[in-house]
Amino acid sequence: MNVKKQFMEGLLTKNPVLVQLLGMCSTLAITTSLFNGIGMGLSVTIILICSNVLISALRKVIPSNIRIAAYIVIIAGFVTIVDLLLQAFLPDLSENLGVFIPLIVVNCIILGRAEAFASKNGVLASALDGLFQGIGYTLTLIVMCVIRELLGAGTFGGGILNGGEGIRLLPEGLPAMQMVMPVGGFLTLGFLIAGSQWLVKRLEKKDKEAAK
Amino acid sequence: MSYIQSLLGILLSAVLTENFILVKFYGICPFMGVSKKMDTALGMGMAVTFVMGIASAATWLVNRFILIPLDLEYMQTVAFILVIASIVQVVEMFLKKSVPALYQALGIYLPLITTNCAVLGAALVNVQKGYDFLQSVVYGVTGGLGFTLAIVLFASIRERVSNAECPKSFEGFPIALISAGLLALAFMGFSGLKIF
């Protein structure tokens, strides 16, 4: 089993958001403060690992013509568990993320990994795949949050550091609040994907040169 | 505020001020995925509007007459997604049998709608905001119209952008996202718009 390759795939070369372009709704919507980004990223990672493990364990039992329906029910079950846990223990986060927690059900990353990986591979490999893809998603969210929060509000770590206010890096009046509004989400993700395409191409080129 | 006014308010906010895609970010996947051509974008928009109207009505009924009496409100997410998946399936079979022309036109977009967060999002928002039956249906249909408006505008922008030159790393998705950002900037102009 190729753990290192799986890790690199989740992180960069097959990053769920930047390369596979899955799960864009939540990526754009909730990345306005670091707290939201980390919370959403971890929730998705946990659900992704659990659903990958269960689907992989049941892959020989689920008949293939109703598999999508079965996957959705499994995923929806885990999402409900996480939703209720967040409401009970992290009500602030639950309020910030709002309807985007239940919407994890239709987050294509989870269904996509179930269909593309968990339904064909063993339990352990699927768990690792869920973990690495989840980390890739979480890191992307964190990068988006940091950029948008810095340019939009001039702070870092909103919701967690400095009593929830975040550490002020830019003086007031300088940041453009549009960056924490929908516009900023589209623009930031556009530039991030462009950057990752450039990086992936460069890495491929290097690999080819090394192969020669 | 009278009842009709509340309905008009829902319409205005779902289409313009709180546009499903450009402001609330529901349904970005089909928005990015099927917006390369104007006519396919229009087809997708119509399919989504149609399913969202029916799904909003059905999920409201399921919530009011099954989940609430049985104290099973925490099962909303699971119940709603199943309802939506079955509606999409039924609509597909019904159209195939009785309106083959429409089925041909919507064709491949119908099954995709199950995993469109706009449909589930509308169902969940209806519950959160405590809309009654008619308000839910209006919210579902007008939300779909807002989706259609955004995706058609975006497709026409993309058709032009695809002919333009742009830096290599920005080709394809990145430049599309940036165009969407500019479109969202334009829609910000609607915020604060109120007729009543």
Side-chain angles (χ1 to χ4, degrees), chain A residues 18-19 21-31 68-69 71-84 87 98-112 177-179 181-202, chain B residues 18-33 74-82 84-86 89 111-125 127-128 166-188 191:
Chain A
L18 298 178
V19 179
L21 309 166
L22 300 174
M24 313 261 278
C25 303
S26 53
T27 311
L28 290 166
I30 55 89
T31 50
I68 301 287
Y71 297 164
I72 287 185
V73 174
I74 292 173
I75 296 167
F78 285 119
V79 170
T80 306
I81 295 172
V82 169
D83 188 15
L84 294 176
Q87 279 178 26
V99 81
F100 282 96
I101 291 283
L103 282 184
I104 296 176
V105 178
V106 283
N107 186 324
C108 351
I109 295 175
I110 299 175
L111 196 59
M177 46 92 90
Q178 281 78 8
M179 288 304 286
M181 301 184 82
V183 194
F186 283 116
L187 293 182
T188 317
L189 190 60
F191 280 101
L192 267 186
I193 293 178
S196 78
Q197 283 190 357
W198 177 80
L199 196 63
V200 168
K201 264 188 204 133
R202 236 176 95 106
Chain B
E18 289 188 8
N19 185 286
F20 260 51
I21 292 179
L22 297 168
V23 181
K24 303 200 101 175
F25 293 122
Y26 301 153
I28 298 288
C29 300
F31 178 66
M32 302 304 293
Y74 62 89
M75 291 294 281
Q76 264 161 9
T77 314
V78 182
F80 286 2
I81 191 75
L82 284 177
I84 291 168
S86 10
Q89 196 71 53
L112 286 179
I113 294 175
T114 311
T115 53
N116 182 339
C117 24
V119 183
L120 185 60
L124 292 167
V125 169
V127 174
Q128 263 179 14
C166 73
K168 199 134 193 82
S169 301
F170 277 90
E171 269 169 19
F173 254 73
I175 197 71
L177 275 168
I178 288 166
S179 325
L182 297 178
L183 193 55
L185 193 62
F187 266 72
M188 265 175 69
S191 66

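Excluded from the calculations below are hydrogen atoms, water molecules and symmetry mates; all remaining heavy atoms, backbone and side chain alike, are included. Lettering follows sequence order; numbering is per chain, from 1.
- A:Leu187 and B:Gly181 get closest at one heavy-atom pair: CD2-CA, 4.4 Å.
- When side chains are defined from C-beta on, A:Gln197 counts as touching B:Pro174, because their heavy atoms get closer than 4.5 Å.
- Closest approach of A:Met24 and B:Met32 over heavy atoms only: CE-CG, 3.9 Å.
- Across all their heavy atoms, B:Ile28 and A:Phe186 have their closest contact at CD1-CZ, 4.1 Å.
- Taken from CG in A:Leu192 to CG in B:Leu177, the straight-line distance is 10.0 Å, to the nearest 0.5 Å.
- Scanning both residues, A:Gly23 and B:Cys29, for their nearest heavy atoms gives N-SG, 4.4 Å.
- Contact of B:Ala85 with chain A is not made at all, since no heavy-atom distance falls under 4.5 Å.
- Here the CD atom belonging to A:Gln178 is positioned 4.5 Å from the CE atom belonging to B:Met188, to the nearest 0.5 angstrom.
- Proximity to chain B (any heavy atom under 4.5 Å) is shown, for A:Cys25, by both the backbone and the side chain.
- Applying the side-chain contact (heavy atoms from CB on, under 4.5 Å) test between A:Ile72 and each of B:Ile81, B:Ile84, B:Leu82 identifies B:Ile81 as the sole match.
- With a threshold of 4.5 angstrom between heavy atoms, A:Val99 approaches chain B through its backbone and through its side chain.
- Of the two parts of A:Leu21, only the side chain, counted from C-beta on, holds a non-hydrogen atom closer than 4.5 Å to a non-hydrogen atom of chain B.
- In this structure, chain A has heavy atoms under 4.5 Å from both the backbone and the side chain of B:Leu185.
- Other residues, nucleotides and ligands contribute over 12 non-hydrogen atoms within 6.0 Å of the CZ atom of B:Phe173.
- Residue A:Leu111 touches chain B through its side chain alone, counting heavy-atom pairs closer than 4.5 Å.
- Residues meeting the side chain to side chain donor-acceptor pair (under 3.5 Å) test with A:Thr188, sequence neighbours left out: none.
- Between A:Val183 and B:Phe187, the closest side-chain pair of non-hydrogen atoms is not below 4.5 Å.
- Using a 4.5 Å cut-off between heavy atoms, B:Lys24 contacts chain A through its backbone alone, with no side-chain atom that close.
- In this structure, B:Val23 and A:Pro182 approach most closely via the heavy-atom pair O-CG, 3.6 Å.
- Heavy atoms of B:Met75 lying under 4.5 Å from chain A are absent altogether.
- Listed options B:Gly172, B:Ser169, B:Ala184 were ranked by heavy-atom pairs under 4.5 angstrom with chain A; first place goes to B:Ser169.
- Contact annotation: the side chain of B:Tyr26 approaches that of A:Leu103 to within less than 4.5 Å [non-hydrogen atoms, C-beta and beyond].
- How far CZ of A:Phe78 is from OG1 of B:Thr77: 14.5 Å, rounded to the nearest 0.5 Å.
- A:Gln87 is linked by a side-chain contact (heavy atoms from CB on, under 4.5 Å) to A:Asp83, A:Leu84, A:Ser94, counting only residues two or more places apart in sequence or in another chain.
- B:Glu171 touches chain A through its backbone: at least one of N, CA, C or O sits under 4.5 Å from a heavy atom, while the side chain does not.
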